Amino acid sequence: MHASSHRTGASSDGPDVLVVDDDAGILRSLQRALTLEGFSPRTADGGLAALNAVRRQPPDVMILDIGMPDVDGAAVARRLRADGHDFPICVLSARDEVTDRVAGLEAGADDYVVKPFALEELVARLHALLRRAGATSAPGQQAMVVGDLVVDPARRLVTRAGREIELTRREFDLLEVLAAHPSIVLSRAQLLEMVWGYDFAADGNVVDVFVGYLRRKTEAEGEPRMIHTKRGIGFVLRPAEAIDS
């Protein structure tokens with residue numbers, strides 16, 4: 001296995017994208033296409049090669065295949081997150097099963113694309129991930145309090161009833177948006193745009209997956225539910241005491 005750090009001159013100033021896939025044809029195709037789209041792509045032909053490439057130089061964003069024979073994409077994502085890397089990861093999956101998508105997201109990925117995919121969609125998703133990764137909370141922004149839940153954007157800290165809750169970057173971004181609009185129902189499309197930066201049609205299932213993560217973490221001590229589903233519309237965050245029994 002090896003990782004290529006070759007970049008073509010046309011994209012030398014573009015975002016550094018590490019493309020990870022064990023299919024040589026896909027690597028060549030994506031490297032050419034992303035170069036033409038203004039990115040600066042590198043390639044790695046397996047999970048071990050990807051980890052080595054990141055060790056040498058972390059990318060701005062990663063495209064990560066899930067099904068690889070040496071180290072699968074989910075394991076790579078878990079390792080990178082455990083090592084403290086927080087650059088956006090977009091997983092690729094040949095299987096259109098919700099369980100496969102969820103596995104990639106639970107491992108620490110920020111988005112997923114199912115093979116075969118349209119290049120235009122992949123490029124749009126990469127730009128959305130990069131926009132969101134570059135967005136930072138305004139200095140001095142005050143903490144938001146919703147019932148016994150406190151979301152502090154400046155310190156990227158969340159507590160409920162004094163208990164600190166560890167969240168991934170994307171989980172925090174989603175909770176921050178919900179907390180900024182307490183008692184307001186936000187549609188999946190709104191959340192995709194506000195949290196993931198999408199300005200195009202996308203699968204809203206990713207929102208449901210991350211809401212599930214937040215619920216498990218915010219209700220870990222048996223606290224009443226705060227994030228509620230409005231069937232056919234979206235989600236709303238309300239103080240527990242304001243929820244009808």
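None of these values were measured; they are calculated from a predicted model.
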Distance, nearest 0.5 Å, that separates [atom1] of [X] from [atom2] of [Y]:
X: R188; Y: Q190; atom1: CZ; atom2: CD; result: 12.0 Å
X: L27; Y: T43; atom1: CG; atom2: OG1; result: 5.0 Å
X: L92; Y: F117; atom1: CG; atom2: CZ; result: 5.5 Å
X: D65; Y: C90; atom1: CG; atom2: SG; result: 11.0 Å
X: L178; Y: L149; atom1: CG; atom2: CG; result: 10.0 Å
X: H127; Y: F39; atom1: NE2; atom2: CZ; result: 3.5 Å

Go through it in stages, so that I can follow the logic: the residues are V76 and R79, the test is side chain to side chain contact (heavy atoms under 4.5 Å, CB included), and I'd like the CA-CA distance, side-chain angles, deciding distance and then a yes or no.
CA-CA 5 Å; V76 170; R79 173 67 178 273; 5.8 Å; no
Taking all atoms of both residues into account, what is the closest heavy-atom pair of [X] and [Y], and its distance?
X: V185; Y: K230; value: CG2-CG, 3.6 Å
X: V123; Y: E37; value: CG2-CG, 3.8 Å
X: L18; Y: A50; value: CD2-O, 4.0 Å
X: P239; Y: M226; value: CA-CE, 3.9 Å
X: R163; Y: T218; value: NH2-O, 3.4 Å
X: R238; Y: V236; value: CG-CG2, 3.8 Å

What pairs with [X] under salt bridge (Lys or Arg N to Asp or Glu O under 4.0 Å), at least two apart in sequence or on another chain?
X: R155; result: D152
X: D60; result: none
X: R81; result: D110
X: D173; result: R132, R156, R170

Salt bridge present between E219 and R225 (N-O < 4.0 angstrom)
yes
Going only through I, L, V, M, F, W and Y residues with side-chain contacts under 4.5 Å, is there a path from [X] to [Y]?
X: V145; Y: V151; value: no
X: I66; Y: L51; value: yes
X: M194; Y: L192; value: yes
X: V177; Y: L157; value: no
X: L186; Y: I233; value: no

So with a 6.0 Å cut-off around CZ of R28, is the heavy-atom count from everything else above 12?
no
Any side-chain heavy atom of [X] sitting closer than 4.5 Å to one from [Y]?
X: S93; Y: Y112; answer: no
X: T229; Y: R215; answer: yes
X: P59; Y: V17; answer: no
X: K115; Y: D21; answer: yes
X: F87; Y: L129; answer: no

Go through the structure and list residues passing ring pair (Phe, Tyr, Trp, His ring centres under 6.0 Å) with H181, not counting sequence neighbours.
none
List the residues meeting ring pair (Phe, Tyr, Trp, His ring centres under 6.0 Å) with Y213, not counting sequence neighbours, and say none if there are none.
F210
Please lay out, stage by stage, how L80 and I89 fare under the test side chain to side chain contact (heavy atoms under 4.5 Å, CB included).
CA-CA 10 Å; L80 292 173; I89 298 175; 4.1 Å; yes
In sequence, state the C-alpha distance, the side-chain angles, and the governing distance for E171 and V158, and then conclude on side chain to side chain contact (heavy atoms under 4.5 Å, CB included).
CA-CA 11 Å; E171 290 166 353; V158 174; over 6 Å; no
Please answer whether the main-chain N or O of [Y] pairs with a side-chain N or O of [X] as donor and acceptor at a distance below 3.5 Å.
X: D70; Y: L48; answer: yes
X: E121; Y: A118; answer: no
X: D23; Y: G25; answer: yes

Criterion side chain to side chain contact (heavy atoms under 4.5 Å, CB included) on Q57 and D16, from CA distance to verdict
CA-CA 10 Å; Q57 180 182 328; D16 177 13; 3.1 Å; yes
Against V19, only a single residue in L64, V61, I63, D45 fulfils side-chain contact (heavy atoms from CB on, under 4.5 Å); can you say which?
I63
